Amino acid sequence: MNSIKILAIESSCDDTGAAVIVDGGIQSNIVANQKVHKEYGGVVPELASRAHQQNIIPVVDTALKKAGVDKKELSAIAVTKGPGLLGALLVGTTFAKTMAMVLDIPIIGVHHMQAHVLAHFIDEPKPIFPFICLTVSGGHTQLVLVKAVDQMDIIGETLDDAAGEAFDKIAKILGLEYPGGPLLDQLAQQGNPLSFKFAEPKVPDLNYSFSGLKTSVLYFLRKQDESFVKDHLHDLCASVQHTIVTILMKELVKATKQFNINQVTIAGGVSANSELRKVFEQTGKEKAWQTYIPKFEYCTDNAAMIAIAGHYQYLQGNFEQQDFSPVARWKF
Ligand code: KG4
Ligand code: ZN
C-alpha cells in the first residue's frame with residue numbers, strides 16, 4: 001500500500017504553520033510567529049491576513065523540504081477550516097484549495113479546536129477513550145468529553161472571555177506586551193501566588209467566566225498608587241495566574257467526577273502555562289488520574305495538530321468540496 005502523505009496548513013490567528021505527516025508520523029512542523037501585533041496590544045486581523053500571505057509560501061516550502069517530501073507525492077492537503085479570524089483563515093484555505101486543485105488531490109477541512117485535542121495523538125503515550133480534555137486557548141476554554149477521534153462533546157465552556165484572553169488582557173492592564181500570557185507566567189515564577197485574592201466567578205457547573213476577574217483586577221489597581229504595579233509586579237502576576245489555574249482546575253475535577261473518567265488531558269496555548277501544568281500533574285497524582293500534556297510545541301498553535309487531525313479524516317474519507325468556505329465560528 002502507498003504511504004499516506006499529507007501537507008497541513010494552519011492560519012486561524014497569528015501563527016502561520018505548515019507540517020508534513022507520513023502514515024500518521026510527523027515529519028516536519030514549521031511555525032512563523034507574527035511579531036507585527038506586539039505594538040497594538042492584541043492581534044490586528046488585517047495585519048494577520050497580510051502576514052499570512054507573506055509567510056505561507058516559505059513556511060510550506062520549508063515544511064516539505066524538511067520532511068523530504070515532494071509536493072507531487074502528496075496524498076491530500078489538510079487545512080484549518082475554522083474557527084478563527086475569517087481573513088486569516090481565507091489565506092490558508094485559498095492557498096490549500098489552489099494547491100490541491102493543481103495537484104488534483106483531495107482537501108481536508110480541519111476544526112482548529114478538535115485539532116488541539118488531537119495533538120495528544122501525535123506522540124506516545126496516547127490517552128485512552130473516553131477521556132476529558134480541558135482545551136484552553138486564546139479564543140476558547142472548553143471541557144471536552146472525547147469518545148473517539150471523531151466523537152467529541154463539549155460538556156462545559158466559558159460564558160465570556162477565554163482563559164488565554166484573561167491572561168493577555170490582565171497582562172495588558174499590568175503593562176506587559178502582547179501576548180502577555182507567557183510573560184505573566186515568567187514573572188509569576190518569582191512571586192507569591194497568595195499575595196492578592198481575586199473573586200472567583202459564580203457560574204453553572206462545568207462552565208467558566210473570566211471577564212469578572214479582569215474587571216476585579218482593574219478596579220483593585222485603580223485604588224492603588226502609581227508605583228503599585230511596578231513594586232508588586234511578580235506577586236500580582238503570581239496571584240492572577242493562581243486564580244486562573246484554580247478556576248480552570250475546579251471545573252475539570254468536577255467533570256471527571258460527573259463522568260467518572262480518569263483519563264485526563266489538557267491542550268491549547270494556555271496548557272503551556274507552567275503553573276497549570278504543575279497543578280494539573282499534582283491533582284492527577286492525588287486523584288489517581290492518567291494525565292497527558294502535549295509537547296510544548298504542540299500546545300500553542302501549530303500545523304502538526306492539523307496534520308494528525310487530517311490524517312484521521314483522510315482514513316475516514318472525510319474530504320471537502322473544492323469550493324468550501326472557511327468558518328469564523330464553528331461549534332462541534
Ligand atoms: O492555542 P493558542 O496558541 O491560540 C489560539 O488558538 O488562541 O493560544 C494562545 C493563547 C494566548 O492567549 C497566550 O497568551 C496563551 O495561549 N499562552 C499562555 C502561555 N503560553 C501561551 N498563557 C499563559 N501562560 C503561558 N505560558
Ligand atoms: Zn489554537
Side-chain angles (χ1 to χ4, degrees), residues 8-17 19 29 31-34 37-38 41-43 45 48 52 79-85 88-89 92 110-120 133-142 144 157-158 161-174 176-189 191 193 208 210 213-214 237-249 266-280 293-306 308-309 328-330 332:
I9 294 169
E10 154 65 29
S11 73
S12 65
C13 191
D14 58 344
D15 294 306
T16 318
N29 180 37
V31 185
N33 299 114
Q34 303 179 359
H37 308 286
K38 251 189 184 153
V43 177
H52 283 307
V79 64
T80 306
K81 179 177 168 180
L85 300 170
L89 290 165
V110 174
H111 192 295
H112 181 88
M113 295 312 294
Q114 290 186 349
H116 269 303
V117 174
L118 294 175
H120 287 101
C133 185
L134 168 65
T135 320
V136 265
S137 73
H140 294 80
T141 297
Q142 298 174 330
V144 186
E157 61 188 329
T158 183
D161 292 354
E165 204 175 345
F167 269 112
D168 295 340
K169 284 182 175 168
I170 295 170
K172 192 174 173 182
I173 294 171
L174 297 176
L176 307 180
E177 270 187 349
Y178 179 84
L183 290 173
L184 194 146
D185 184 353
Q186 262 175 33
L187 291 164
Q189 316 265 338
Y208 292 107
F210 289 104
L213 174 64
K214 175 190 63 196
C237 288
S239 302
V240 165
Q241 179 168 275
H242 176 72
T243 310
I244 295 175
V245 170
T246 305
I247 296 169
L248 287 172
M249 287 305 299
I266 54 174
V270 180
S271 62
N273 181 264
S274 60
E275 172 83 1
L276 178 60
R277 292 166 93 96
K278 193 175 83 195
V279 177
F280 175 68
I293 310 178
K295 247 203 239 159
F296 195 80
E297 64 260 43
Y298 302 144
C299 287
T300 49
D301 283 351
N302 66 89
M305 68 183 196
I306 306 302
I308 191 77
R329 288 173 179 273
W330 185 5
F332 63 89

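As the structure lists them, so they are numbered: ligands from 1, and atoms in each ligand from 1. Since this is a predicted model, take the numbers as computed values, not measurements.
- Counting atoms of ligand 1 from 1 in the listed order, those under 4.0 Å from a heavy atom of G139 are 7 (O).
- Of all the heavy atoms in H116 and C299, the pair that sits closest is CE1-O, 3.3 Å.
- The shortest non-hydrogen separation linking A303 to A8 is O-CB, 3.6 Å.
- Among V31, V43, D15, V270, the residue whose heavy atom lies closest to atom 15 (C) of ligand 1 is V270.
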Side chain to side chain donor-acceptor pair (under 3.5 Å) assessment of Q241 paired with N273
CA-CA 9 Å; Q241 179 168 275; N273 181 264; 2.8 Å; yes

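- The protein atom (non-hydrogen) at minimum distance from atom 24 (N) of ligand 1 is N273 ND2, 3.0 Å.
- Scanning all protein heavy atoms for the shortest distance to atom 4 (O) of ligand 1 gives D301 OD2, 3.0 Å.
- The Zn ion (ligand 2) sits nearest to atom OD1 when only the N, O or S atoms of D301 are considered.
- Here the protein heavy atom with the shortest distance to atom 22 (N) of ligand 1 is G181 CA, 3.6 Å.
- The nearest pair of heavy atoms linking V43 to C13 is CG2-SG, 4.1 Å.
- Atoms of ligand 1 found under 4.0 Å from any heavy atom of A272, numbered from 1 in the order shown, are 20 (N), 26 (N).
- Atoms of ligand 1 lying under 4.0 Å from at least one heavy atom of T300, given by number and element, are 3 (O).
- In this structure, M113 does not count as a contact residue of ligand 1, since none of its heavy atoms falls inside 4.0 Å of the ligand.
- The nearest N, O or S atom of H112 is closer to the Zn ion (ligand 2) than 2.8 Å.
- In this structure, atom 26 (N) of ligand 1 lies nearest to the protein heavy atom D185 OD2, 2.9 Å.
- Y208 and T141 get closest at one heavy-atom pair: CD1-CG2, 3.6 Å.
- The shortest non-hydrogen separation linking S137 to V270 is O-CG2, 4.1 Å.
- In this structure, atom 21 (C) of ligand 1 lies nearest to the protein heavy atom G269 O, 3.3 Å.
- The nearest non-hydrogen atom to atom 9 (C) of ligand 1, considering only G164, A163, G138, comes from G138.
- The Zn ion (ligand 2) has no N, O or S atom of H140 under 2.8 Å away, backbone or side chain.
- Taking CD1 from I266 and SG from C133, the interatomic distance works out to 8.5 Å, rounded to the nearest 0.5 Å.
- P294 approaches R277 most closely through the heavy-atom pair O-NH2, 3.7 Å.
- Residue-ligand proximity, H116 to ligand 1, at heavy-atom distances under 4.0 Å covers atoms 1 (O), 6 (O).
- Residue H112 places a heavy atom less than 4.0 Å from ligand 1.
- With hydrogens and angles left out, the side-chain atoms of T80 and E10 include a donor and acceptor closer than 3.5 Å.
- Rounded to the nearest 0.5 Å, atoms CG (L89) and NE2 (H52) are 8.0 Å apart.
- Going from atom OH of Y298 over to atom NE2 of H120 covers 13.0 Å, rounded to the nearest 0.5 Å.
- Ranking the protein heavy atoms by distance from atom 12 (O) of ligand 1 puts D168 OD2, 2.6 Å first.
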